[in-house]
Visitor: 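Here it is: the structure, laid out below.
In what follows, chains carry the letters A, B, and so on, assigned in the order in which the sequence lines appear, proteins first and then strands, with residues in each chain numbered from 1. Predicted model, so just to flag it, every value in this text is computed and none were measured.
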Protein chains: 2
Amino acid sequence: MTSTDPPPRHTRQRAAVSAIMTTLDEFRTAQDVHAELRQRGEAIGLATVYRTLARMAADGEVDSIRTPEGVAAYRRCSAGHHHHLVCRECGRTVEITPPDLEAWTEQVGREFGFTHLDHELELFGRCPDCG
Amino acid sequence: MTSTDPPPRHTRQRAAVSAIMTTLDEFRTAQDVHAELRQRGEAIGLATVYRTLARMAADGEVDSIRTPEGVAAYRRCSAGHHHHLVCRECGRTVEITPPDLEAWTEQVGREFGFTHLDHELELFGRCPDCG
DNA sequence: ATTGTCATGAGAACCATTATCAAGTAGCGG
DNA sequence: CCGCTACTTGATAATGGTTCTCATGACAAT
């Protein structure tokens, strides 16, 4: 696991997924991406879209989240990984940027000797419209 | 929608779920709760556990999140919960206490008008023993 | 071109969750 | 207590997103 995973091969399908992800600003599910590619005339299987997006997420090429309904959604990587404030009632989501979280994560990692650190932070609440 | 839903009835099954949730500190899935109750000799159906936990979450009696794998998990509503640094390889866990997270959560809530705030934070990495 | 290896994809398998609906039970008014 | 009615329960089926299977096809180094 520490060592080099073999690099992904360059295929037409992978290029198509990569290309479409750079044109989309919002989070899309794998099913959405598959449907969109099909609509554009690309011949690509659903399983391949799932695999490719998962791989791209693992490699840091896209960000992945879970919608409140539990489905995975992907979006092209903006600079810096961010977090969300989610309404429990209606699912409305606001992007938030906690200060110093990256730095604090590194500090905690050093303190306990952990490496390859990552963090997951989500805030939950009830939005103004849901009282 | 906003107003009067009929209040839940007092049943043996609901009492059992409510009771077990007060004894558990960590997030548990509905399946976990169901298995645990069965192991304790409670006769209760899986669907009922799902329904009861969903209802309790809607009523604010428990908090609910989605794990990175996409499954729903529930935890009793309590002040002063803690967080973890988890090794991806061996599962080793260290309790951690991020500074100012409570205060920052409140501040973000006020900023966007969200109420009933809670947060979920976990750190993941590779522990010293796993290199 | 040949060959070993990885990627693809159609469909099946998987699994958490939800819907179905007949039977049981809580709670209330009499 | 009695009975009525609406709510709850639970075994099972259905749903739907995601992953697995494995035969076939494509990539890339020789």
Visitor: State whether the number of non-hydrogen atoms from other residues, nucleotides or ligands found under 6.0 Å of B/Asp100 atom CG is greater than 12.
Guide: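 Check fails, neighbour count at 12 or below.
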Visitor: Should B/Arg14 and B/Met56 count as side-chain neighbours, where that means a heavy-atom distance under 4.5 Å?
Guide: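 Side chain of B/Arg14 against side chain of B/Met56, heavy atoms only: contact under 4.5 Å found.
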Visitor: Applying side chain to side chain contact (heavy atoms under 4.5 Å, CB included), run through A/Trp104 and B/Leu123 and close with a yes or a no.
Guide: CA-CA 11 Å; A/Trp104 179 76; B/Leu123 301 194; 3.8 Å; yes
Visitor: Would B/Val33 and B/Tyr74 satisfy side chain to side chain contact (heavy atoms under 4.5 Å, CB included), going step by step from the backbone distance to the final call?
Guide: CA-CA 9 Å; B/Val33 172; B/Tyr74 301 86; over 6 Å; no
Visitor: Once each nucleotide of nucleotides 22-30 of chain D is scored for protein heavy atoms under 4.0 Å, what B/S/- sequence comes out, 5' to 3'?
Guide: ----BBS--
Visitor: Check step by step if side chain to side chain contact (heavy atoms under 4.5 Å, CB included) holds for A/His34 and A/Ile44.
Guide: CA-CA 7 Å; A/His34 179 243; A/Ile44 187 170; 4.1 Å; yes
Visitor: Linking Ile, Leu, Val, Met, Phe, Trp and Tyr by side-chain heavy atoms under 4.5 Å, what else ends up with A/Phe27?
Guide: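 A/Phe27 clusters with A/Ile65.
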Visitor: Nucleotide range of DNA chain C contacted by chain B, 5' to 3', under 4.0 Å to a heavy atom?
Guide: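 First and last nucleotides in contact are C/dA16 to C/dG27.
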Visitor: Please state how far atom CD in B/Gln13 lies from atom P in D/dA11, giving the value in whole angstrom units.
Guide: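 Those two atoms, CD and P, are 10 Å apart.
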Visitor: Of all of residues 39-49 of chain A, which get a heavy atom below 4.0 angstrom from DNA chain C, listed by number?
Guide: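 Contacts with DNA chain C under 4.0 Å: A/Ala43, A/Ile44, A/Gly45, A/Ala47, A/Thr48.
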Visitor: Ignoring hydrogens and angles, state whether a donor on the side chain of A/Gln31 or A/Thr29 is under 3.5 Å from an acceptor on the partner side chain.
Guide: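 A/Gln31 vs A/Thr29: no donor-acceptor pair found between side chains.
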Visitor: Which residues satisfy the side-chain contact (heavy atoms from CB on, under 4.5 Å) test with B/Thr23, sequence neighbours excluded?
Guide: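 Scan of B/Thr23 (side-chain contact (heavy atoms from CB on, under 4.5 Å), adjacent residues dropped) gives B/Ile20, B/Arg40.
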Visitor: How long is the line joining CD of A/Glu69 and P of D/dT18, in whole Å?
Guide: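 Between P of D/dT18 and CD of A/Glu69: 11 Å.
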Visitor: Locate the shortest heavy-atom distance separating A/Pro98 from A/Leu121; write the atom from each residue and the value.
Guide: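 Smallest interatomic distance, heavy atoms only, reads CG-CD2, 3.8 Å.
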Visitor: Which heavy atom of B/Leu117 sits nearest a heavy atom of B/Glu106, and at what distance?
Guide: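 Of all heavy-atom pairs spanning B/Leu117 and B/Glu106, the closest is CD1-CA, 4.2 Å.
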Visitor: Check whether any side-chain heavy atom of B/Leu101 lies under 4.5 Å from a side-chain heavy atom of B/His119, and answer yes or no.
Guide: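 SC-SC contact between B/Leu101 and B/His119 confirmed.
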Visitor: For A/Ala30, report the nucleic acid contact type (base, sugar-phosphate, nothing); a contact means any heavy atom under 4.0 Å.
Guide: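 It contacts nothing in the nucleic acid.
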Visitor: Just the rounded figure in Å: distance from P of D/dT18 to CZ of A/Arg28.
Guide: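 Spelled out: CZ on A/Arg28 to P on D/dT18 is 15 Å.
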Visitor: When you measure from the side chain of A/Arg66 to the backbone N and O of B/Thr67, does any donor-acceptor pair fall under 3.5 Å?
Guide: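 No: the side chain of A/Arg66 does not pair with the backbone of B/Thr67.
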Visitor: State plainly whether the residues B/Glu42 and B/Arg12 are in salt-bridge range, i.e. N to O under 4.0 Å.
Guide: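 A salt bridge links B/Glu42 with B/Arg12.
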Visitor: With each end axis built from five pairs of C1' atoms, what bend angle do you get for the helix from C/dA1-D/dT30 to C/dG30-D/dC1? Round to 10°.
Guide: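 About 40°, once rounded to a multiple of 10°.
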